[in-house]
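Please read the structure below before turning to the comments.
Ligands are counted one by one from 1 in listed order, and the atoms in each one are counted from 1 as well.
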Amino acid sequence: MSRAISAVVHKFGGAALADAKSIRHAAQIVAARPSGAVVVASAMRGVTDALLDIAVVASRGEHRAALAAIDALRGRHLMTDAELAADLGQFSTAEVIDRGFDELSELVGQVGGGGPPHPALTDAIATVGERMSASMLAASLSALGVHAKVVDATRIVHTDARHGNATPDFVRTMSAVNEHLLPLVREHVVPVLAGYIGSAPNGAIVTLGRGGSDLTATLLARALNAHSVTLWKDVPGVLTADPQVVPNARLVPRLHVREAAELAYYGAKVLHPRALIGLKDETRIFIRPLADPESPGTEITTRRDRATERKHPVRAITAIGAQAIINISGDGMVGVPGIAARAFGALERVGVSVALISQASSEHSICLVVPSAVADRASDALGTAFTEQLQRQEVEGIDVRTDLAIVAVVGLGMSGTPGVASRLFAAIAEADVNIIAIAQGASELNISVVVEERSVAATQRAVHAAFRLDKIGGGAVAPTPNADVVILGFGRIGRELATQLGEVARSRALRVVAVIDSSGYVFESRGLSKRRLAMLAAAKEASTALADMPHGVRAGAESAISEVQRHALSRPILVDVTAGDTSAVLEAALVGGMDVVLANKKPLAARRGSSGGLTQSAASRGRRLLHEATVGAGLPLIDTISKLKESGDEVLRIEGCPSGTLGYLFGELGRGTTFSTALRAAMELGYTEPDPRDDLSGMDVARKALILGRLLGFDGEIESVIVESLVPDDYRDMPASEFIARLEELDSLWRQRVDDARSRDSVLRYRLMVTSDVVQVGLVAVNTASSLAGLMGTDNQFSITTSRYRDNPIVITGPGAGVAVTAAGVLNDVLKLAGSR
Ligand code: ADP
Ligand code: ASP
Ligand code: MG
C-alpha cells in the first residue's frame, strides 16, 4: 500500500465509551481529522461482562433472569441512542439495536441448562456489544458530516477456530483488508468496525480474547501499513502501574515496544497481550486519554532511550492474579535431562500455557505457574506424563498451590544494571510479603515474583515506591474522584468523625470504606453510606462491638488493615483516633500505600530510635502523614508551623497551654474554688481521664510537647522531656479510688500555691516550652497581664516565636479539647489529603 493513503486507526475502548457523551466525544475526535481514518469500537463499558454473565445465567437454566438482563442492556443502548439522536440530530440506530437484542434473546434461548454453554454460542453472545456500539459510533460520525460506514468485522478479521481467544490469520486478513477496507479509505469513507470479533475458517463468529479490540486495531493497522494507531482509553496512557492499585502511578510518555509487550503479557489490562505482534516500525502506536485528546499519552516505539533507561531501569509494574504454582520435586530429578521439556510437552498437549517457570539450581524442583482455573487439568497431565518417574521415585510429588499472583517489574534498562533484583526483593520484604518463587527471563527485561494473592496490591505499591516510579516524569494521573477513608478507633471521636465524614462524603467525593475497633471491623469497598455509618455509631454507643454487628468481622487491627488493603482502594487514608500504641498498624498502613491522619498522640511521641520513627517512614515512602488534632485539637497549630517553615521562616520557640483539662482546673483555682471541688467538677464534666492522675502527671502534655519539639528538630525521646508532675510522690501508687477519696488532703497545698502566685500578681498555668534543644512542661506562675493568664475554660493557647515573628509572637487561642473540635481537626486533615493529589 502506498504511503499516500496513510491510514490512521482509532480504537475507542469500552472504558472510554461509557455513555452518549463519550460516544459523541469519540466521534468528534475522528471528525476533526477524518482523512484516512479507520475506526474500531469496543462494547460500551461493562457490556461484555454483562453479556458473558447472561450466558452463564442462562446456562444455569435461569432464563427469566437472563431475559431481564437482556432487557436492561437493550434499555441502556436505546437510551444512549436516543440521547445521541437528540444531541447530534443523528439518524437513530434504534432499529439496529432492537434487531441485535432480538437476536441476542434468540441466542440465549439456545443455551441449554446444565453445563457451560458451547464456546461458539458464548462467542456469538459476547459480540453483540461491539456490534451495537459500532453502529452508534458510525451514526454519530455521519451526524457530524463524516462519510462513515459500518463494516462487518467478520468479513475482515480472519482467525483460527479457537473460540474465546482466537488468533488472527494475518494473510487472510490482509487480503480482506485490501479487498474491502482499502477501497473505502481511498474513497475517503471512514470504515467503522466492531473490535474483538473475527471469523473462524468455518465462518463461525469468534472473539479475540478479553480486551481484543486492541488487537483488532493493531491488526488492521498492520494490514493497512497505517501511519498510526491510537488506542483511546480512560487512562492518560500506559502508567507505571495500574492506577486502581497504585494511586500515585505516573504516565510513561514513551515505552519501548518490548516493554509494552511484556507488560501486556504479564497482565497490564491497558493493552491486549498480543496486540503488538508484527507491527511495523512505520506505524506509530499511541495510547491516549479520550477525556483529554490534546494530551500526547504514551507512544510505544522501537527507538531506545538509553538515558531514561539508565535513570529508570524499571519502567512499570504489573500483576496477574488467580495463579497457581505446580511444584514438581524429587531428589531423583537432579541431573536427569529432559524433565522440564517433558513437563512443558505435557502441558502443551492439554492446552495450558505456562506463565512462569523457575528451577532451583540444585534441580531438586521445578515450579511452573499456571492460571488457577487450569491448575487441576495441568497437574493431572503432569501426573500422567511423569507416571514412570513417580513410580521410580525420581519425582516425588506434584503439588499445587493456589491463590497466588505474579507481580512483574519490567524495563529494558534492567539489563546490565546491577542491584535491581536486590532492590526489588528488599522492597517486598519490607512490605512483609513473602516471595514464593522468582523468575528472571534471560532478556533481563522482566523480573517476576510470585506472592500470595492477598498481598498483591501491597507488593505493587511497595515496589512502585522503591523504584521511585512516581518520579518517572510523565506527570501525575488526573486525580481519581475518590479518597477511601478507613477509621481506626470507634470511640467518641471516631463516631463523631464518622458522622462528620458521612455529611461531607458525597460533596467531597470521599468514602468511608471501613471502621475498625478493638473487636474487629466492618468493611464495604463501595463505601459505607451515611445511614449505615449512623447505624454503626448508634450500635457502638449502645456497647455493641463492631465484630458483633451485621457484616462485622472479628480481627485485630493489623489484620483488619491487611484485609482492607487487599482491595483496590482509591487513594486510601487511614485515620487513627485511638489512644493506644498503634505504631505497628500505622507502619503496615504506610507500607501498604495508605496516607495517615492521626489524632492519636502515642505513635508520634513513641521511641523513634535509629529508624527515625513514623514521620521518617512516611517520608521515605512518599506517603503523607498529618496530625493537626494531636496538639490543640482542631486549632490550626501544626499547619501554621509547617507553613512558617515552608516559607523559610525558622520557628525558635513554642510556648503554651495545650491541656483543656488542666486549663479548666487552674481557671477554677484562680476563681477561689478548692482543688478537690475543681477536680471533681472536671471529672464530672468528662474533661479528665478516668484516673485524673493521668492528666495531673503531665504526661499527656509532655507527649504533645514532644510532638511539637520534633517538628522543631528536637531529637530526644520522651524521657528527655522535662516533666513536672502535679501528683505528690506519696499519692502516685495508690488505687485511683483512694486518690479521689483523699483529694481534700491536697487542698491546702494548692491554696497556698494560688495565694503565692496572686501576691505576685500572677496566676498558675501548666505550660509547655519547646525549642529544638529543650522540651519542658510544668507549673508556672504567669503575670495576670500576659495572654496566658487570660485563658478561659478548656481553651488552649500557643505562642510561636520565629525569626520573623521574634518580638511579637504569633498567638493561637481557642477551644483545645472536646469531641467535636477534635473530630473537626481530623476531618480537616482528611479533606486536605483527599484534595491534594
Ligand atoms: P479499553 O477501554 O481500551 O478496553 P481497558 O479498560 O482494557 O481499556 O484498559 C484500561 C484500564 O487498564 C485502566 O482503567 C486501568 O485500570 C488498567 N491498567 C492496568 N495496568 C495499567 C497501566 N500500567 N497503565 C494504565 N492502565 C492500566
Ligand atoms: N469488549 C471486549 C472486552 O471487554 C473487548 C475490548 O474491550 O477490547 O473484553
Ligand atoms: Mg481493554
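Checked by distance only, ligand 1 and Lys233 come closer than 3.5 Å through their nitrogen or oxygen atoms. Considering backbone and side-chain N/O atoms, Trp232 never comes within less than 3.5 Å of an N/O atom of ligand 1. Taking any N or O of Lys269, backbone or side chain, at least one lies under 3.5 Å from an N or O belonging to ligand 1. At under 3.5 Å, a nitrogen or oxygen of Ala15, whether backbone or side chain, sits near a nitrogen or oxygen of ligand 1.
At least one heavy atom of Gly237 sits less than 4.0 Å from an atom of ligand 1. Assignment of Leu231 to the shell around ligand 1 is not supported, since no heavy atom sits closer than 4.0 Å. For Gly14, the closest heavy-atom approach to ligand 1 falls below 4.0 Å. Using a 4.0 Å heavy-atom cutoff, Ala241 is listed among the residues neighbouring ligand 1. For the pair His272 and ligand 1, no heavy-atom separation below 4.0 Å is found.
A pairwise comparison of heavy atoms in Ala405 and Val456 identifies CB-CG2, 3.8 Å as the closest pair. Across Val206 and Ser199, no two heavy atoms sit closer than the pair CG2-N, 4.0 Å. Minimum heavy-atom separation, Lys11 to Ala217: CB-CB, 3.6 Å.
Contacts between Ser213 and ligand 1 below 4.0 angstrom, taking non-hydrogen atoms only, are absent altogether.
The pair Asp49-Arg210 meets the salt-bridge criterion, since a charged nitrogen lies less than 4.0 angstrom from a carboxylate oxygen. A salt bridge does not link Asp19 with Arg76: every distance from a Lys NZ or Arg NE/NH1/NH2 to an Asp or Glu carboxylate oxygen is 4.0 Å or more.
For Arg162, the CZ atom sits in a loose shell: 12 or fewer heavy atoms of surrounding residues, nucleotides or ligands are nearer than 6.0 Å.
In this structure, atom 26 (N) of ligand 1 lies nearest to the protein heavy atom Val270 CB, 3.5 Å. Remark: minimum distance from atom 4 (O) of ligand 1 to any protein heavy atom is reached at Lys11 NZ, 3.7 Å.
Using a 3.5 Å distance cut-off with no hydrogens or angles, the side chains of His158 and Asp169 do not pair a donor with an acceptor. For the 3.5 Å distance criterion, the side chains of Arg274 and Asn165 qualify, holding a donor opposite an acceptor. Side chains of Asp102 and Ser105: a donor-acceptor N/O pair is absent below 3.5 angstrom, by distance only. Side-chain polar atoms of His464 and Thr240 form a donor-acceptor pair below 3.5 angstrom. There is a side-chain donor-acceptor pair under 3.5 Å between Asn446 and Ser448.
Ring centroids of Phe467 and His312 are separated by 6.0 Å or more, keeping the two rings apart.
When Asp242, Thr298, Val252, Val410 are ranked by how near their heavy atoms come to atom 20 (N) of ligand 1, first place goes to Asp242. For the residues Leu239, Asp234, Asp214, Leu271, the heavy atom positioned nearest atom 14 (O) of ligand 1 is part of Asp234.
With Val192 as the partner, the side chain to side chain contact (heavy atoms under 4.5 Å, CB included) test is satisfied by one option alone out of Val146, Val151, Leu141: Leu141.
Interface atoms of ligand 1 facing Val238, defined by a heavy-atom separation under 4.0 Å, are 24 (N).
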Hey, what polar pairs (N/O, under 3.5 Å) does ligand 2 make with protein?
{"unit_1": "ligand 2", "atom_1": "1 (N)", "unit_2": "Thr48", "atom_2": "OG1", "d": "2.7"}
{"unit_1": "ligand 2", "atom_1": "1 (N)", "unit_2": "Glu130", "atom_2": "OE1", "d": "3.4"}
{"unit_1": "ligand 2", "atom_1": "1 (N)", "unit_2": "Glu130", "atom_2": "OE2", "d": "2.8"}
{"unit_1": "ligand 2", "atom_1": "4 (O)", "unit_2": "Thr48", "atom_2": "OG1", "d": "3.4"}
{"unit_1": "ligand 2", "atom_1": "4 (O)", "unit_2": "Arg210", "atom_2": "NH2", "d": "2.9"}
{"unit_1": "ligand 2", "atom_1": "7 (O)", "unit_2": "Ser42", "atom_2": "OG", "d": "3.3"}
{"unit_1": "ligand 2", "atom_1": "8 (O)", "unit_2": "Gly211", "atom_2": "O", "d": "3.3"}
{"unit_1": "ligand 2", "atom_1": "8 (O)", "unit_2": "Gly212", "atom_2": "N", "d": "3.3"}
{"unit_1": "ligand 2", "atom_1": "8 (O)", "unit_2": "Ser213", "atom_2": "N", "d": "3.0"}
{"unit_1": "ligand 2", "atom_1": "8 (O)", "unit_2": "Ser213", "atom_2": "OG", "d": "2.4"}
{"unit_1": "ligand 2", "atom_1": "9 (O)", "unit_2": "Arg210", "atom_2": "NE", "d": "2.7"}
{"unit_1": "ligand 2", "atom_1": "9 (O)", "unit_2": "Arg210", "atom_2": "NH2", "d": "3.4"}
{"unit_1": "ligand 2", "atom_1": "9 (O)", "unit_2": "Gly211", "atom_2": "N", "d": "2.8"}

